[in-house]
Amino acid sequence: MSNFLKKQSASFFAKNNLILLLFLLVTASSAFSQKVNIKGSFWDDSNGVDLKTQVYGIKDGQKIHLAETDTKNLFDFKLPTDIQALIFESAGYDVVTFPVHFVGRFNKTSLANFSISSKGVFYQLQFKDLLIFCLPITHQKGNKYKLLTVRKDTIFRNMDFTILVENKQSTNYPIFEKSLRNQHKVLTTNAKNEIIQEDNFLANRGLTFVDINTYPTEIMQELDQQNVLAEISEKEDKTEPSIDAKNNLPYSTFGSRNLYFDQSKFELKSENKLVLDSLSWYLQQKLDARINITGFTDNVGKEELNATLARYRAQVVATYLKSKGVHTNQLLLKSNTKQNIYENHNADVEKQRKVQLTEIY
């Protein structure tokens, strides 16, 4: 064979080997799972204390260690989207396990925040099944995010969680027993009311992570989709929540509840946040509901400082609810004087350090 033919042959095989190598790299890359950033805690249901915890995942029947909590007993780890279940283990407590599902593309790492009690629930009611809308990497001004339920030819609006995304908070949405296997739709639209993301999925048991990142190459602008969104905006946004949403309220009335605080502190505990998460969802579905927020302290120390502490406790609760999307008009913040910051002198000292939440009828 001549030198010319040898060179041509070598060049041909080199190019083909390079193409094969690139093909294998692309194939291997596409086989890799994406990841979700997970932050939160596993806490004692009886006292609200965050626990030292080991986090595991199940993949194809194999148990894989994913993370352990830090010195503050908080976990922060990347959850691969090929994991089929999450396991939380803390010495002296029952093991808590959740099936996990993933909806969306997860082309970038998204962020989800949640805290789990030692009883394996997320709210004061026994919610073990949850949709978790991951915080997008970037949020474009004018984007809107909605969760819908699809039943035959009818669409119900469950929630608009735009304000939570704008406040850089991931969103948790509990699934009721009767809602399992319901067909859901999550929509993201831009400032021009164009659909830039649409995902359809079934509500399943366990934790379902939903990626609400938008990716330009996957923008969807079909006319019929825009017409559906326009119809939803006209009929739903200017009215009270749909009948479907009302039927899914966590309770018919909120009543009165207490949130307890540590001595001289006004930081919200994990169990307080779970109550407030459930209350915020209730208030967003029941727009005519209003809540009194009243702060109290124990009777130890100077009255003037205690009055300030009671006010701070009430304010931090109100601020948290607003950050979750509750309208200011639904919250009545009661500013206590020095004379009424002690609700009951005979109560246990720990029970005096609280904020009282009461629905106004």
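Heavy-atom basis, side chains included; hydrogens, waters and symmetry copies ignored.
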Judged by modelled atom types alone, do S270 and D50 share a side-chain donor-acceptor pair under 3.5 Å?
-> yes
Answer whether the closest heavy-atom distance between the side chains of L357 and V317 falls below 4.5 Å.
-> yes
Rounded to the nearest 0.5 angstrom, the NE2-CD distance for H101 and Q84 is 10.5 Å
What is the minimum heavy-atom distance between L274 and S115, and which atoms define it?
-> CD2-O, 3.9 Å
Describe, in one word, how the ring planes of F88 and F42 are oriented to each other, choosing from parallel (under 30°), tilted (30 to 60°) and perpendicular (over 60°).
-> parallel
In the single-linkage hydrophobic clustering (I, L, V, M, F, W, Y; side-chain heavy atoms under 4.5 Å), do V275 and V49 co-cluster?
-> no
Residues V36 and F106: closest non-hydrogen pair is CG2-CE2, 3.4 Å
Assess whether side chain to side chain contact (heavy atoms under 4.5 Å, CB included) is satisfied between L131 and L147, documenting all intermediate values.
-> CA-CA 10 Å; L131 298 179; L147 172 67; 4.0 Å; yes
With a 4.0 Å cut-off, would you call K128 and E177 a salt bridge?
-> no
Do L51 and I116 sit in the same hydrophobic cluster, where Ile, Leu, Val, Met, Phe, Trp and Tyr count as joined when their side-chain heavy atoms come under 4.5 Å apart?
-> yes
Considering only NZ, NE, NH1 and NH2 on the basic side and carboxylate oxygens on the acidic side, decide whether K59 and D82 come within less than 4.0 Å.
-> yes
What are the two closest heavy atoms between G120 and V96, and how far apart are they?
-> CA-CG1, 3.7 Å
Under a 4.5 Å cut-off applied to non-hydrogen side-chain atoms, are V210 and F201 in contact?
-> yes
K63 and E89: CA distance, side-chain angles, deciding distance, salt bridge (Lys or Arg N to Asp or Glu O under 4.0 Å) verdict = CA-CA 12 Å; K63 186 177 180 181; E89 295 183 4; 2.6 Å; yes
Cluster check I132, F77: I/L/V/M/F/W/Y, side chain < 4.5 angstrom | yes
How many angstroms lie between NZ in K351 and CG in N258, if you round to the nearest 0.5 Å?
-> 9.5 Å
Exam field: side chain Q284 to backbone S280, donor-acceptor pair closer than 3.5 Å | yes
Are any non-hydrogen side-chain atoms of P80 and I83 less than 4.5 angstrom apart?
-> yes
How long is the gap from CG on L66 to CG on L86, to the nearest 0.5 Å?
-> 6.5 Å
Steps toward side-chain hydrogen bond (donor to acceptor under 3.5 Å, both in side chains) verdict (N37, K78) = CA-CA 5 Å; N37 241 4; K78 294 184 183 301; 3.3 Å; yes
Do L321 and Y312 share a hydrophobic cluster (ILVMFWY, side-chain heavy atoms under 4.5 Å, transitive)?
-> no
Is T81 reaching over with its side chain to a backbone N or O of Q34, donor-acceptor style, under 3.5 angstrom?
-> yes
Carefully, step by step, assess D199 and K185 under the rule salt bridge (Lys or Arg N to Asp or Glu O under 4.0 Å).
-> CA-CA 6 Å; D199 281 308; K185 181 191 295 285; over 6 Å; no
Linked, directly or transitively: L279 and L332 (ILVMFWY side chains, under 4.5 Å) | no
Contact check, side chains of F114 and I38, non-hydrogen atoms, under 4.5 Å | yes
Can N73 and K52 be counted as having a side-chain donor-acceptor contact under 3.5 angstrom?
-> no
How far apart are the closest heavy atoms of T358 and S256, and which atoms are they?
-> OG1-OG, 3.2 Å
Hey, do the aromatic rings of F161 and F133 have their centres closer than 6.0 Å?
-> yes
For T188 and N143, test the side chains for any donor-to-acceptor distance below 3.5 angstrom and give the result as yes or no.
-> no
Do the ring planes of H184 and Y173 sit parallel (below 30°), tilted (30 to 60°) or perpendicular (above 60°)?
-> perpendicular
Chi angles and distances behind the side chain to side chain contact (heavy atoms under 4.5 Å, CB included) call for L111, C134 | CA-CA 5 Å; L111 171 64; C134 303; 5.9 Å; no
With side chain to side chain contact (heavy atoms under 4.5 Å, CB included) as the test, would you mind laying out the steps for L259 and L276 before giving the verdict?
-> CA-CA 9 Å; L259 306 179; L276 294 176; 3.8 Å; yes
For the side chain to side chain contact (heavy atoms under 4.5 Å, CB included) test, which of N292, T328, I293 pairs with L333?
-> I293
So, E359 and R257, do they make that salt bridge, N to O below 4.0 Å?
-> no
In terms of side-chain heavy atoms, does N272 have a donor or acceptor partner in Y320 at a distance below 3.5 Å?
-> no
Is the shortest side-chain N to carboxylate O distance from K324 to D277 below 4.0 Å?
-> yes
At their closest point, which heavy atom of K265 faces which heavy atom of E267, and how far apart are they?
-> CB-OE1, 3.3 Å
Measure the CD1-CD distance between I360 and Q330 for me, rounded to the nearest 0.5 Å.
-> 10.5 Å
Heavy atoms, side chains only, cut-off 4.5 Å: are I64 and I58 in contact?
-> no
Between N182 and L202, is any pair of side-chain heavy atoms under 4.5 Å apart?
-> no
Output the distance between atom OG1 (T294) and atom CD1 (I291), rounded to the nearest 0.5 Å.
-> 10.5 Å
Is a side-chain donor or acceptor of S117 paired with a backbone partner of K119 at a separation under 3.5 angstrom?
-> yes
For E304 and N306, test the side chains for any donor-to-acceptor distance below 3.5 angstrom and give the result as yes or no.
-> no
Min side-chain heavy-atom separation N200-Q183 under 4.5 Å | yes
Derivation of the side chain to side chain contact (heavy atoms under 4.5 Å, CB included) call for I195 and L187 | CA-CA 7 Å; I195 296 177; L187 285 178; 4.1 Å; yes
Close side-chain approach of K269 to D262, heavy-atom, < 4.5 Å | yes
Which atom pair, heavy atoms only, marks the closest approach of P174 to L130?
-> CA-CD1, 3.5 Å
Nearest 0.5 Å, what's the OH-CD distance between Y260 and Q356?
-> 9.0 Å
Sole residue of R353, K354, Q352 in side-chain hydrogen bond (donor to acceptor under 3.5 Å, both in side chains) with D298 = R353
Is there a donor-acceptor contact under 3.5 Å from the side chain of D44 to the main chain of G48?
-> no
